[in-house]
Amino acid sequence: MINSANRLLKEYFGHDSFRPLQAKAIETILSKQDLLMILPTGGGKSVCYQLPSLMMSGVTIVISPLLALMHDQVSSLRSAEINARMFSSMQDSEEIKQIYKELFRGELKLLYVSPERFLMDSFLELLSKIEINFFVIDEAHCLSEWGHEFREDYRRLNLIRRYFPNIPIASFTATATKNVQQDIISQLSLKNPKILKGKLYRENLKITATHRKGDGKRQLIDFLSNQFGKSGIVYTLSRKQTETLAEYLQQMGYKAKAFHAGLENDIKKSVYEDFINDRIDIVVATIAFGMGIDKSNIRFVVHMSMPKTMENYYQEIGRAGRDGLESQTLLLYSVEDAIMQKRFVDDIEEGVYKETLLAKIDKMSSFVDSIMCRHRELALYFDDDIDACINKCDNCLKGEIKKVDITKEAQMLLSTIWRTKQRYGISYLTDILRGSKKSIVIERGDNNLSVYGIGKDLSKEQWRSISNRLLEVGAITQGEHKEFVITELGAKILKGKESIDISQDRISKQTRTKANVKATSDSPLMTALKAKRKEIASDEMIPPYIVFNDKTLWDMSKKMPITKEEMLKVYGVGEVKFKKYGEAFLEVIRGYLGE
Ligand code: ADP
């Protein structure tokens, strides 16, 4: 059985071997046992129910919470020549007729439906007349009140067992604490289910959480300077913020757009499509954006403030790096965030639900401030235990970051503050230190100061980091007009009686101010492969990653196959996809090598 599953895995999905737990899940489904599988986002849950469907004679019914999510899955399956369809309220009667026809002829392998649609009498009646392999409940945590995305219509899926007592149910989720797990089992009345729980560790995600300075814009730009041309989501708390921040990013040279629930439907749709089709790189969004996002090449997720719960956080960062490639996450927080989050909860009636929510906010606050490995703390929260990641989160990396002595530089700045009579803030002080020829400097005669130009070796950004560090340790304070004033400690540093250091990453980084400095780090071949993918995707009117995802193109650009045999060794290329697109990409590679 598993041999033929292996063959199908390569042929239809392009993968060489199963990941841990995938084979077990498939065996469970084929043996008609109920299943609850908890695997992190990107862990490969879809294959677990899509592949056994190919080995069974009926149709698999997949209940999934969002249209966009279903749409993506169906496009992806159809591009691999697997007959899948979705039932949605947006279809015309012709399409629905076609689905019925295929269902009754036994031609459909997978049918995706929303819970609302599933629970309609007419649909249940239809189901009673056809051969069903098994039911899939995707995002199963939505049916638990303990979960963070509880949906009333998911709750009613408890009817499945009543209507179809003998058809197995396979339920899947990325996040489930023990409570939620128990709730899924009892709500769906799973019978002696096989529980498969994968490690929650997402090793391709680098997690960083740090204090937000001011509105965090500068930290965001700093972070994005290494992400230019890459896809990402920036989460903000308010609708207004999404718009102002998206505008700001556009001014800084980024292809960014705002997304929130208050936008007109057609605008939401166009932003979503621009993002999916790589026409824009960044979506600045409230949490309204994301649940339906199945885009595999999201390279970063930024939170401009603290999310409400660990569940939300894990799901949101989980949208990065579904293709398994290295991805970054940044969380900026401040003490005010928790206060704000709690204010949102104020109106809820006193009771267990409110208490749980408040406790979850407290947990999130303690997470951001914690010094424990971020991956481990997340795993522990979801009742899983893993070793510290060593180098995939800020807390583990902090141990490795070197400190640099900046006493000399601090003295230069302090001396400049002193000589200009403690009247200025960092911008003007930097002008003096870097020997600016601005007329204001000359008019004031500050070009005659002994400190004029002594700090020209450091960038403006580096001087800002030094002033921030002096503020942090209390060597200077800021007056009403942001002018710096030297404290007792500052005086000691100036006289050489105290020293001061800073972590290397804060001082050595060369911050780019405009994003258009340099485009992506793609190789010329990768650029050509991406161009071919875009061309095919727009001809076929599907998102580029459905043709091949980034990981496949990346592997192609490394292996440079020139024959079919070599191409089939590339990650994600199986017989089916090869037949459709293989030659087109081989041609690009041959052309590249020929040159
Ligand atoms: P999930 O639904 O758990 O978030 P997906 O089913 O979307 O995850 O799979 C995530 C990624 O992992 C996809 O790009 C998929 O092609 C890839 N993948 C799944 N199974 C395998 C496998 N056995 N070998 C290699 N890649 C795999």
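In this text, all values refer to a predicted model and were calculated from it rather than measured experimentally. One-based numbering, in listed order, for ligands and for the atoms of each.
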Can you tell which of Gly44, Ser46, Ala174 gets a heavy atom nearest to atom 9 (O) of ligand 1?
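Among Gly44, Ser46, Ala174, the closest heavy atom to atom 9 (O) of ligand 1 comes from Gly44.
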
Look up atom OG in Ser17 and atom CG in Leu9, then write down how far apart they are to the nearest 0.5 Å.
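Nearest 0.5 Å value for the OG-CG distance: 7.5 Å.
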
Kindly assign one of parallel, tilted or perpendicular to the pair Phe87 and Phe123, based on the angle between their ring planes and the thresholds 30° and 60°.
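Because their plane-to-plane angle is over 60°, the rings of Phe87 and Phe123 count as perpendicular.
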
Min heavy-atom dist [X] to ligand 1 below 4.0 Å:
X      : answer
Gly324 : no
Pro40  : yes
Ser17  : yes

Are any of the N/O atoms in Tyr571 less than 3.5 Å from those in ligand 1?
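So ligand 1 has an N or O lying under 3.5 Å from an N or O of Tyr571.
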
Any nitrogen or oxygen of Val47 lying under 3.5 Å from a nitrogen or oxygen in ligand 1? Just yes or no.
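No; every N/O pair is 3.5 Å or more apart.
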
Distance from [atom] to nearest protein heavy atom, with residue and atom:
atom                    : answer
atom 13 (C) of ligand 1 : Arg322 O, 4.2 Å
atom 20 (N) of ligand 1 : Gln22 NE2, 2.9 Å
atom 14 (O) of ligand 1 : Asn549 ND2, 3.4 Å
atom 21 (C) of ligand 1 : His15 CD2, 3.4 Å

Test item: Arg299 and Gln328 side chains (from C-beta on) under 4.5 Å apart, heavy atoms
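No; the side chains remain at least 4.5 Å from each other.
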
Of all the atoms in ligand 1, which lie at a distance below 4.0 Å from a heavy atom belonging to Lys45?
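In order of number, 1 (P), 2 (O), 3 (O), 4 (O), 6 (O), 8 (O).
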
Evaluate Tyr235 against Arg319 for side chain to side chain donor-acceptor pair (under 3.5 Å), listing each step before the verdict.
CA-CA 12 Å; Tyr235 284 112; Arg319 291 180 185 127; 2.9 Å; yes

Before we go on, tell me: are the rings of Phe275 and Phe259 under 6.0 Å apart, centre to centre?
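For Phe275 and Phe259, the ring centres are not under 6.0 Å apart.
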
Phe135-Phe118 aromatic ring centre distance below 6.0 Å:
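Yes.
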
Of the side chain and backbone of Ser296, name the one, both, or neither that has a heavy atom under 4.0 Å from an atom of ligand 1.
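It is neither; nothing of Ser296 touches ligand 1.
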
Pairs in or reaching into residues 57-83: which pass ring-ring contact (aromatic ring centres under 6.0 Å, His included), with residues at least two apart or in two chains?
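Residue pairs passing ring-ring contact (aromatic ring centres under 6.0 Å, His included), neighbours aside: none found.
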
Looking at residues at least two apart in the chain, or sitting in another chain, which of them share a salt bridge (charged side-chain N to carboxylate O under 4.0 Å, His left out) with Lys363?
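For Lys363, the residues satisfying salt bridge (charged side-chain N to carboxylate O under 4.0 Å, His left out) (neighbours in sequence not counted) are Glu377.
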
